[in-house]
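Worth knowing before you read on, the calculation uses all heavy atoms, side chains too, and leaves out hydrogens, waters and symmetry mates. For clarity, every value in this text was computed on a predicted model and none was experimentally measured.
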Amino acid sequence: MGAAGQYDGLQQPQQPQPGLPVQMLPVAAHSTTSQSPHSQQTPPSQQTPQKQQTAPQQPQLLPHYPQRSVKRPRPVKSCTECRKRKLRCDRLCPCSQCQKSNRACKYAADADGQLDSDGSDVEAFEASRPHKRNYPPGTTPSGASTTGEPSSLAAAVAAAKNGDPSGLPLLEELSLRMERLEKQVMVRSPAATDLSAGRVVAATADTIRGLSVKNNCKRTRFFGQGSPRVMLNLFDDAKAFIQQHQNIAGGREVLSDFRATHHFMHENYAQALAPISVFVDSMMPVQKRMTDILPQKEICDRLVASYVDSSETIYRILHIPSFTEQYNLYWSGKQQSESFLPQLLAVLSTASRFETKSKGILHERADGVHNPTSCALVRSWLDSLKGKQRVEFESLQVEVLLLHAQRMVTQRINDLWAQLGYIVRNAMSMGLHRDPSEFGPRMSIFQGELRRRLWFTILDIDVHLSIALNMPTTVREGDFTCRPPRNLDDVELFEGMRELPPSKPIDQMTDNQLQVYGAMTLPARMKVCHLVNNIDSIRDYQEVLDVGAKLDRFLEDINYIFPRQGILNDTQKSKMWRSRVILDMHARRPLLALYRSLAMGTPDAPPQITRAHLRSSMVILKYLDEIDPRQPFFPVITSMYHQMLKHDITQAALSVCYYIQSAHRASDNMIVGHPQRHSPEYGGDDYPLYKPETLSIWSPERLISTVEKSLEILTTHASGNDAKEILAVALTLESVRKPEPRADEIVRGLYGVLDVLLRSSNTTLEKVRASQQDTREPYRPDGYMHGHPHMSNPASAAQYLGGWLIWDGWD
């Protein structure tokens with residue numbers, strides 16, 4: 001049968017082979033009509049034996065196989081986006097695929113693309129890909145790919161119709177290949193298709209970031225996605241309560257009382273943070289003033305031991321044997337280094353925050369030092385340094401120690417972030433971002449390893465503060481070549497050492513174990529900072545899921561490095577708990593930042609993101625469930641938990657409130673599903689067996705109870721500006737406690753939280769109100785804001801509260 005006969009035969013309706021797409025048959029038939037004249041004159045039955053005879057003798061003649069046919073151009077019917085992603089297009093405008101992925105649906109005439117196509121709507125041939133040939137089994141040369149090309153398919157069908165059995169194996173092989181290709185391309189789940197194509201529908205701008213604009217646009221402040229001000233925009237009922245508070249019975253009064261309490265606590269805390277003038281304003285040398293403020297040696301011994309045990313963990317700033325040697329020399333009257341006293345004072349300031357009754361902020365210094373005064377003296381010493389003294393390694397250690405001490409008491413993380421920028425650039429000017437091995441024998445082995453430890457400490461603090469403020473990191477991956485430090489004990493490092501000992505396994509406990517593990521997670525955490533700051537431009541969920549999967553694996557490894565079994569005494573258990581929480585938070589904090597805006601603001605976020613976000617939020621709120629509250633060290637652990645994680649607790653509590661709200665609405669019930677179902681580990685409330693990897697489902701009642709316990713911790717240990725965050729959590733919780741919240745119940749719940757806050761501050765509501773009498777404006781409108789110039793605008797009326805809760809332009 002000739003070529004024309006082949007064409008006529010293939011155009012007749014046929015029963016397709018199993019697994020062979022029906023649309024491929026007419027394409028194969030059409031491809032045979034455009035063969036060269038030489039190929040049309042020779043029947044396929046005569047060509048095949050000739051090739052089988054010549055192929056073993058002359059492999060170079062294989063290219064004389066019939067050339068790939070040139071298909072007739074076909075008009076483009078699918079949109080450009082579906083053709084680009086090889087998706088089925090329903091040829092509407094916009095098509096369903098583009099609507100699903102929120103893409104701009106354009107067709108070839110609109111996109112100025114090619115008006116004709118030589119392939120099907122599903123399988124667009126790439127012009128840059130070289131043409132592939134198909135050969136019978138056993139004759140395929142190395143490097144050639146055997147794919148289901150239309151011309152090869154037509155030849156196989158023609159050979160089968162002419163009774164040539166050699167074409168049947170090829171046809172079956174092509175059918176299997178096409179079946180596998182169809183399963184991979186066309187039978188993917190809609191969720192997978194959405195994840196791999198199109199721009200992510202980002203959350204609205206007011207749930208990602210905010211800007212406080214005041215003083216005629218001359219004073220502004222940026223707030224990231226983790227700020228309670230921004231997260232409040234996710235709760236309509238809480239926002240409505242604030243905007244309409246003047247029309248709610250008791251609404252204006254409760255917010256005014258919270259405002260007065262906030263100012264009362266803020267003023268008291270500001271007075272406690274004021275340095276002691278007799279030390280700061282004295283004309284005595286700064287070294288003499290630092291000596292005078294030091295407590296007795298017994299107190300110093302206890303505080304130094306506490307600092308080494310609790311702070312020199314993931315942040316490695318000091319070489320403990322060298323510091324201990326200087327410490328003993330100082331008390332024996334043989335001080336050698338001028339930088340030792342500033343280092344010691346910063347160490348004592350950090351430890352006094354947890355180990356003293358004054359918490360390092362009261363002027364009574366019987367059991368410690370006054371943190372603000374110590375930090376002021378250390379800053380005076382740093383400012384007195386000249387030229388080359390500023391690039392001394394010990395001076396950089398003092399800078400980092402001072403930053404760490406200020407973190408214990410400051411309420412302004414922005415100031416720490418700005419100060420860290422100077423530290424990073426100073427460290428880079430000293431060459432710490434380059435690996436010490438690049439400088440040859442001029443850099444000693446001992447100093448080189450200390451530089452690595454300090455550099456990765458600076459990087460870790462940079463990532464932590466950047467995530468907390470939703471800011472980009474100062475240093476990005478690729479900006480440094482310094483290798484991570486080794487997992488070694490401090491006693492293994494000493495002056496004059498010839499080479500470094502091999503690093504110990506990561507599960508072997510050493511003085512530097514936590515920092516080494518933190519360095520392993522650093523690239524993924526840096527990637528999170530980049531993604532969070534570019535959340536609007538993320539086009540693919542897959543990149544977010546990949547980074548999240550890495551962080552999840554790191555979190556799982558922590559349970560193997562610090563197991564919960566085999567701990568004999570309470571001291572070991574407490575230390576193991578601190579180490580596990582430190583590592584867990586360094587991986588869980590960026591995971592929450594990565595998922596927060598997607599899980600709480602994007603309607604079509606993948607379920608694995610929303611579940612992981614809820615699970616991590618609950619883990620943070622349940623850290624203390626591992627510790628028996630009857631243990632004597634429990635109050636110290638609770639204070640440390642609050643001080644170091646209070647912002648994370650606030651964010652986690654607001655996140656859990658969001659899921660409570662979603663569960664009540666029942667419009668997208670992807671979290672609870674079965675309210676009465678509980679994990680076996682959580683059958684009771686008495687010291688549950690906490691396993692992060694098994695936390696899965698909670699009822700709304702369980703979520704509410706968890707937030708209430710966390711709110712109690714925040715309220716009991718409140719100070720400074722904490723009243724703002726406490727009000728945000730309390731108001732949000734009351735607004736989502738029931739599906740239909742009532743204004744009077746919200747007011748009653750807020751007053752309950754305010755009462756606990758006042759008792760923890762050792763004051764009363766009457767004292768707080770009296771302290772604010774002199775600071776109020778002369779004009780005092782009534783509860784309905786009668787006569788107020790902004791009474792017609794609820795949002796503007798809310799600004800009468802001083803802007804301490806919401807900011808201009810919130811509405």
Side-chain angles (χ1 to χ4, degrees), residues 200-236 238-245 255 258-259 262-263 266 410-421 462-474 528-538 589-590 592-602 647-648 650-651 654-655 657-658 720-729 731-732 790 793-811:
V200 174
V201 181
T204 56
D206 60 349
T207 62
I208 297 178
R209 63 186 66 88
L211 186 70
S212 174
V213 181
K214 298 180 180 179
N215 194 22
N216 197 23
C217 301
K218 296 178 181 179
R219 187 172 73 234
T220 59
R221 180 174 296 174
F222 176 82
F223 296 93
Q225 61 169 351
S227 171
R229 297 183 179 215
V230 177
M231 297 183 71
L232 268 176
N233 286 305
L234 294 165
F235 304 95
D236 295 336
K239 285 179 56 178
F241 182 88
I242 296 176
Q243 293 175 344
Q244 303 294 333
H245 69 278
L255 292 184
F258 259 101
R259 179 197 180 197
H262 160 72
H263 285 294
H266 177 73
T410 186
Q411 298 280 331
R412 302 178 63 86
I413 305 179
N414 300 71
D415 296 342
L416 299 179
W417 187 66
Q419 182 180 343
L420 179 66
D462 184 24
V463 172
H464 167 63
L465 294 180
S466 298
I467 290 178
L469 294 172
N470 202 173
M471 296 290 188
T473 55
T474 309
V528 168
C529 292
H530 172 73
L531 291 175
V532 169
N533 281 276
N534 296 274
I535 196 70
D536 299 295
S537 60
I538 292 181
R589 184 182 287 119
L592 284 167
L594 178 65
Y595 285 166
R596 184 177 296 117
S597 61
L598 300 177
M600 300 177 64
T602 307
H647 298 296
D648 301 288
T650 301
Q651 294 171 359
L654 291 174
S655 298
C657 287
Y658 176 81
N721 296 331
D722 293 348
K724 291 184 178 182
E725 297 186 353
I726 291 174
L727 175 58
V729 175
L731 176 59
T732 303
H790 300 296
N793 188 342
S796 299
Q799 298 301 319
Y800 179 74
L801 294 175
W804 70 281
L805 179 64
I806 58 178
W807 61 93
D808 297 338
W810 186 19
D811 56 331

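- Contact between G226 and R596 at its shortest, heavy atoms only, is CA-NH1, 3.9 Å.
- Note: I726 CD1 to T650 OG1 = 8.0 Å, rounded to the nearest 0.5 Å.
- Rounded to the nearest 0.5 angstrom, R229 CZ and S212 OG are separated by 5.5 Å.
- Distance check, rounded to the nearest 0.5 Å: OG of S227 to CZ of F222 gives 9.5 Å.
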message = Would L465 and L416 count as a side-chain contact (heavy atoms from CB on, under 4.5 Å) here? Give the steps.
response = CA-CA 8 Å; L465 294 180; L416 299 179; 4.1 Å; yes
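- Applying the side-chain contact (heavy atoms from CB on, under 4.5 Å) test to N533 and every residue at least two apart in sequence or in another chain returns N470, P472.
- With values rounded to the nearest 0.5 angstrom, E725 atom CD is found 8.5 Å from L654 atom CG.
- The shortest side-chain heavy-atom distance between N233 and K239 falls under the 4.5 Å cut-off.
- Considering OH of Y595 and CG of L531, their distance stands at 10.5 Å, rounded to 0.5 Å.
- Residues I413 and H647 have side chains in contact (heavy-atom distance under 4.5 Å, counting atoms from C-beta outward).
- Counting all heavy atoms, side chain and backbone alike, L731 lies closest to A238 at CD2-O, 3.8 Å.
- With sequence neighbours excluded, the residues satisfying side-chain contact (heavy atoms from CB on, under 4.5 Å) with L234 are T207, M600, Y658.
- Residues T410 and R412 share a closest heavy-atom pair of OG1-N, 3.2 Å.
- With sequence neighbours left out, the side-chain contact (heavy atoms from CB on, under 4.5 Å) criterion links T473 to D462, V463, S466, R476, C529.
- Contact annotation: the side chain of L211 never approaches that of F223 to less than 4.5 Å [non-hydrogen atoms, C-beta and beyond].
- Minimum heavy-atom separation, G224 to V230: O-CG2, 3.3 Å.
- Residues satisfying the side-chain hydrogen bond (donor to acceptor under 3.5 Å, both in side chains) criterion with D648, sequence neighbours excluded, are R589.
- By the 4.5 Å heavy-atom criterion applied to side chains, Q225 and M231 are not counted as neighbours.
- In this structure, T732 has no side-chain hydrogen bond (donor to acceptor under 3.5 Å, both in side chains) partners at least two apart in sequence or on a different chain.
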ask   = Can I535 and R209 be said to form a side-chain contact (heavy atoms from CB on, under 4.5 Å), step by step?
value = CA-CA 11 Å; I535 196 70; R209 63 186 66 88; 4.1 Å; yes
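- With sequence neighbours excluded, the residues forming a side-chain hydrogen bond (donor to acceptor under 3.5 Å, both in side chains) with N721 are H266, listed by chain and number.
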